[in-house]
Peer 1: 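Shown below is the structure under consideration.
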Amino acid sequence: MRRLLSVLAVLLACAWVVGGVLVPSDDLQRDCMAHHNTMIKAIIMYANDNDDLLPPAGGNGLTGRSWAKLTPPNADFPWTMALWPYFKDLTHLRCPADPAYRKPEIYASDPRSGQAVPTSVTSEAKRMATFFHTNVGYNHVWLSPEQHVRGLPWVMPATQSEVASPANTVLFVDSAWSRDSKGAPIGGGRYIIDAPIRPNRGVLWGKLPATAGGAGGWLCYTMGNGEPSSPYCKTNPQAYGYCYPFHTEQFTVSFLDGHTKGMTADQLVVGIDFKKNKIVDFDQCLWDTQE
């Protein structure tokens, strides 16, 4: 009996319950990678139709270059909305290992307030909530940063050709919108993720807070409001800038050249010195667009 319980414990550690069915975690990661691959194809098609520009992470009509044909007036919108004509299936925006995957009411809620989208609104508005809730988090700090131009914030997405090494540049990482007091993901995913290192000039993103213990700044930056001593960071030190390792401590990570693989947090931050707040090895760093 004791041996049987041990075997069951191992099986549960390697599987998720989805829709009442026990599913091996490897299968879920393969499905997650397939969703990433769909979004990679969509982003490449978008760039081909928009002078090689990558999609804007989000904006409310702010345009730096001629980057988007879709500019709803008076409404913020995420990059996933700009790509909608290229994938046309909301399930591609979700990671099957996310506990919210089988709860469409979560994806169809306002991600900031958690309130359900009214049934009276248009179908486009209902899709908008899911566009914000995607588990496919975009490396916006480097690929579509907001910059100050004449004192105003502008979204300035990069072109594919501006990226020095597409095979070593993160495009997407699994994301979670928020976590509960125990660090478990809640609220579906988040459309953008924060990079562990940021450009120093011209962008709206400040420096990461100095912390002891390696990558602490990235782990606590977003969900701890930038303060390693905050209650959230003390309780949940694995914040990862909205990235979340849904697959047995692995993130599904996509790169700009089109390949996708599972990676650990340590693998994602190579080439970065958090104490010096700088990239020390540009060849190893996976987030920046530079050589």
Side-chain angles (χ1 to χ4, degrees), residues 32 35-36 38-40 42-43 54-60 75-84 87 90-117 126-146 155 157 170-181 183-196 198 204-205 208 217-226 232-233 236 238-247 250-254 260 263 265 268 287:
C32 185
H35 292 177
H36 275 240
T38 296
M39 299 312 297
I40 291 170
I43 216 167
L54 296 170
N60 53 355
D76 194 18
F77 66 93
W79 64 272
T80 41
M81 183 174 177
L83 262 60
W84 177 240
F87 66 96
L90 295 177
T91 60
H92 293 307
L93 300 179
R94 306 174 190 171
C95 173
D98 186 343
Y101 184 71
R102 297 293 179 181
K103 299 177 181 178
E105 69 276 7
I106 291 179
Y107 285 95
S109 64
D110 183 328
R112 293 174 176 84
S113 68
Q115 295 178 343
V117 175
K126 292 177 183 177
R127 284 199 304 268
M128 180 72 75
T130 303
F131 288 150
F132 277 106
H133 270 306
T134 176
N135 293 116
V136 185
Y138 186 29
N139 177 18
H140 73 116
V141 171
W142 287 93
L143 299 180
S144 181
E146 291 181 352
V155 178
V170 166
L171 176 59
F172 303 131
V173 184
D174 284 342
S175 67
W177 188 275
S178 58
R179 300 186 181 198
D180 62 22
S181 60
I186 55 174
R190 188 174 189 262
Y191 67 109
I192 52 178
I193 51 173
D194 286 343
R198 300 155 184 261
L204 301 181
W205 309 103
L208 292 171
W218 182 42
L219 302 186
C220 285
Y221 181 76
T222 301
M223 297 183 186
N225 298 318
Y232 189 92
C233 283
N236 308 288
Q238 307 291 302
Y240 297 124
Y242 287 109
C243 300
Y244 191 83
F246 283 111
H247 309 285
Q250 279 198 340
F251 305 87
T252 296
V253 184
S254 298
T260 302
M263 300 184 72
L268 274 173
W287 297 81

Peer 1: Does any non-hydrogen side-chain atom of T38 lie less than 4.5 Å from one of H36?
Peer 2: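 Side chain of H36 against side chain of T38, heavy atoms only: no contact under 4.5 Å found.
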Peer 1: Rounded to the nearest 0.5 Å, what separation is found between the CZ atom of F172 and the SG atom of C32?
Peer 2: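 Answer for the CZ-SG pair, F172 versus C32, is 11.5 Å.
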Peer 1: Enter the distance from F87:CZ to L93:CG here, rounded to the nearest 0.5 Å.
Peer 2: 4.0 Å
Peer 1: Rounded to the nearest 0.5 Å, what separates atom CG in D194 from atom CH2 in W287?
Peer 2: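 These two atoms lie 9.0 Å from each other.
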Peer 1: Below 30° counts as parallel, above 60° as perpendicular, anything between as tilted: where do the rings of Y138 and W79 land?
Peer 2: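 Rings of Y138 and W79: tilted, 30 to 60°.
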Peer 1: Verify side-chain contact (heavy atoms from CB on, under 4.5 Å) between T252 and C95, making sure each step is shown before the conclusion.
Peer 2: CA-CA 9 Å; T252 296; C95 173; 5.8 Å; no
Peer 1: Regarding N135 and H35, is there a side-chain donor-to-acceptor distance under 3.5 Å anywhere?
Peer 2: no
Peer 1: Please report the shortest heavy-atom distance between Y244 and P185, naming the atom on each side.
Peer 2: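 In terms of heavy atoms, the two residues are closest at OH-CD, 3.2 Å.
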Peer 1: Enter the distance from M263:CE to Q250:CD here, rounded to the nearest 0.5 Å.
Peer 2: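 Separation between the atoms: 9.0 Å.
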Peer 1: How close do F246 and S175 get, heavy atom to heavy atom, and via which atoms?
Peer 2: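 That closest heavy-atom pairing would be CE1-O, 3.5 Å.
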Peer 1: Between L268 and V253, what is the shortest heavy-atom contact and its length?
Peer 2: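 Answer, listing the atom of L268 first, then V253: CD2-CG2, 4.0 Å.
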Peer 1: Using side-chain contact (heavy atoms from CB on, under 4.5 Å), reason through N139 and V173 one step at a time and then give a plain yes or no.
Peer 2: CA-CA 8 Å; N139 177 18; V173 184; over 6 Å; no
